[in-house]
There are 2 protein chains.
Amino acid sequence: MEPKRRQTDARLEIFKQACREYGLKITPQRVAIFQEFHGSAEHPSAVMIYDKVRQDYPHISLDTVSRTLTTLNKIGLAKEVEFSGEARRFDPNLDRHHHFRCIKCGHIVDFNNEIYDSIVIPEELKMKYTVLEKKVCLEGICDRCRAGD
Amino acid sequence: MEPKRRQTDARLEIFKQACREYGLKITPQRVAIFQEFHGSAEHPSAVMIYDKVRQDYPHISLDTVSRTLTTLNKIGLAKEVEFSGEARRFDPNLDRHHHFRCIKCGHIVDFNNEIYDSIVIPEELKMKYTVLEKKVCLEGICDRCRAGD
DNA sequence: ATGTTTGCAAATAGTTTGCATCCAG
DNA sequence: CTGGATGCAAACTATTTGCAAACAT
């Protein structure tokens with residue numbers, strides 16, 4: 001019995017199937033990147049994946065990793081971490097509020113919501129971490145970008 | 001009656017008071033940056049502020065803006081937008097989940113919570129925006145960083 | 001007077017683009 | 001075979017650091 005490998009293979013099969021659907025070629029680099037990415041418990045950046053994959057594929061380039069992660073994001077097998085990859089931005093609003101971010105134009109809208117304000121931090125998290133900030137993050141398409149389509 | 005200016009001045013006074021408390025000098029550049037920043041409805045990056053302040057202070061440098069925003073963040077008059085300023089990162093976990101991020105080491109932890117899963121998007125937001133993703137974002141200090149102090 | 005802050009320049013880091021070569025289908 | 005993918009180099013963007021000069025206190 002090899003449950004771990006079996007599961008990995010199942011995921012890999014999903015990836016390969018997705019490639020076929022989207023007309024993407026199944027290259028050794030893509031397979032290696034996907035395996036490394038999918039097995040990661042962190043939320044890796046291109047460089048993190050690059051450093052690991054390079055151990056097996058010394059000739060792989062960082063752009064290939066970068067492009068592949070972008071591709072995985074496009075075909076729905078990866079989700080870009082909210083706000084990462086953008087320039088540092090600062091919020092002058094110090095009151096409790098929440099964020100909606102447009103994935104097209106990057107615009108961030110503050111909004112208030114009493115129900116969101118009152119959500120409680122789970123006990124098991126409180127034990128392990130010091131939580132300094134809580135906020136609901138919504139993402140989608142803003143009115144202006146929706147109109148511009 | 002000048003309600004708008006009066007309010008601006010009140011905020012400026014808070015800033016000046018904070019500078020005195022923290023032993024920071026009140027320079028024309030800092031005042032200009034603070035005014036521009038505080039009046040901004042966006043969530044500006046250093047470059048955005050730079051471009052505006054430069055209209056009045058052509059000699060100001062981008063680093064000064066960058067450093068001042070970092071300073072404002074430190075003394076609690078600005079809040080860095082979660083995850084911004086970091087390299088693009090990707091999440092292999094496609095299931096619904098939420099994020100805790102350590103502000104010291106940048107580590108992102110996934111966690112599940114049924115109550116968080118069931119939060120509802122307010123009607124007025126649904127009307128205006130197409131919401132594709134919702135997630136609770138917590139920030140603080142993780143167990144490892146807390147132990148390392 | 002003096003110690004912080006500023007502005008410039010250089011260094012660093014991450015991402016993107018163009019292009020010739022390579023290879024999966 | 002052929003079009004998409006790769007790897008390299010260069011361009012770009014954002015940020016950080018060192019340092020001499022400037023200036024707030």
Subject >> From CA spacing to verdict: side chain to side chain donor-acceptor pair (under 3.5 Å), B/His98, B/Asp117 >> reply: CA-CA 8 Å; B/His98 307 277; B/Asp117 290 349; 2.8 Å; yes

N/O (side chain, [X]) to phosphate O (OP1/OP2, [N]) under 4.0 Å:
| X | N | result |
| --- | --- | --- |
| A/Thr27 | D/dT6 | yes |
| B/Gln29 | C/dG7 | yes |
| B/Arg88 | C/dT15 | no |

**OP:** Answer with yes or no after comparing the ring centroid distance for B/His43 and A/His99 against a 6.0 Å cut-off, counting only values under it.
**Re:**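 Yes, ring centres under 6.0 Å apart.
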
**OP:** Please lay out, stage by stage, how A/Asp143 and A/Arg146 fare under the test salt bridge (Lys or Arg N to Asp or Glu O under 4.0 Å).
**Re:** CA-CA 5 Å; A/Asp143 45 353; A/Arg146 202 161 57 176; over 6 Å; no

Whether the side chain of [X] engages the backbone of [Y] through a donor-acceptor N/O pair (distance < 3.5 Å, no angle test) should be reported.
| X | Y | value |
| --- | --- | --- |
| A/Tyr116 | B/Val120 | yes |
| A/Ser40 | A/Phe37 | no |
| B/Thr70 | B/Ser66 | yes |

Give the nucleotide from the list [options] with an atom nearest to the side chain of [X].
| X | options | value |
| --- | --- | --- |
| B/Thr64 | C/dT15, D/dA24, C/dG7 | C/dG7 |
| A/Ala46 | D/dG7, D/dA24, C/dT15 | C/dT15 |
| B/Lys25 | D/dC8, C/dA24, C/dG3 | C/dG3 |
| A/Ala87 | D/dT15, D/dG7, D/dA5 | D/dT15 |

Length of the [atom1]-[atom2] vector between [X] and [N], whole Å:
| X | N | atom1 | atom2 | result |
| --- | --- | --- | --- | --- |
| A/Leu24 | D/dT6 | CG | C1' | 14 Å |
| B/His59 | D/dA22 | NE2 | P | 13 Å |
| B/Asp51 | D/dA14 | CG | C1' | 13 Å |
| A/Arg30 | C/dC23 | CZ | P | 15 Å |
| B/Glu86 | D/dT16 | CD | P | 12 Å |
| A/Arg20 | D/dG4 | CZ | C1' | 17 Å |
| A/Leu62 | C/dT17 | CG | P | 15 Å |
| A/Ile26 | C/dG25 | CD1 | C1' | 10 Å |

**OP:** Spell out yes or no: do the side chain of A/Asp63 and the base of D/dA9 have one donor N/O and one acceptor N/O closer than 3.5 Å?
**Re:**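 Under the 3.5 Å cut-off, the side chain and the base do form a donor-acceptor pair.
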
Original post:
DNA chain C: B/Arg89 or B/Ile60, which has the more 5' nearest nucleotide?
Top reply: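 In this pair, the answer is B/Ile60.
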
Original post:
Base, sugar-phosphate, or nothing for A/Arg67, non-hydrogen atoms under 4.0 angstrom?
Top reply: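 Here A/Arg67 touches the bases of the nucleic acid.
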
Original post:
How do B/Ser66 and A/Thr68 order along DNA chain D: which one's closest nucleotide is nearer the 5' end?
Top reply: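 The residue whose closest nucleotide sits nearer the 5' end is A/Thr68.
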
Original post:
Does anything in residues 69-83 of chain B reach DNA chain C, meaning a heavy atom under 4.0 Å, and if so which residues?
Top reply: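 Output list: empty, so none.
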
**OP:** Apply ring-ring contact (aromatic ring centres under 6.0 Å, His included) to B/Tyr50 and list each qualifying residue two or more places apart in sequence or on a separate chain.
**Re:**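 In terms of ring-ring contact (aromatic ring centres under 6.0 Å, His included), with neighbours along the sequence ignored, B/Tyr50 is linked to no residue.
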
Original post:
Is the shortest side-chain N to carboxylate O distance from B/Arg101 to B/Glu86 below 4.0 Å?
Top reply: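 Yes, this pair counts.
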
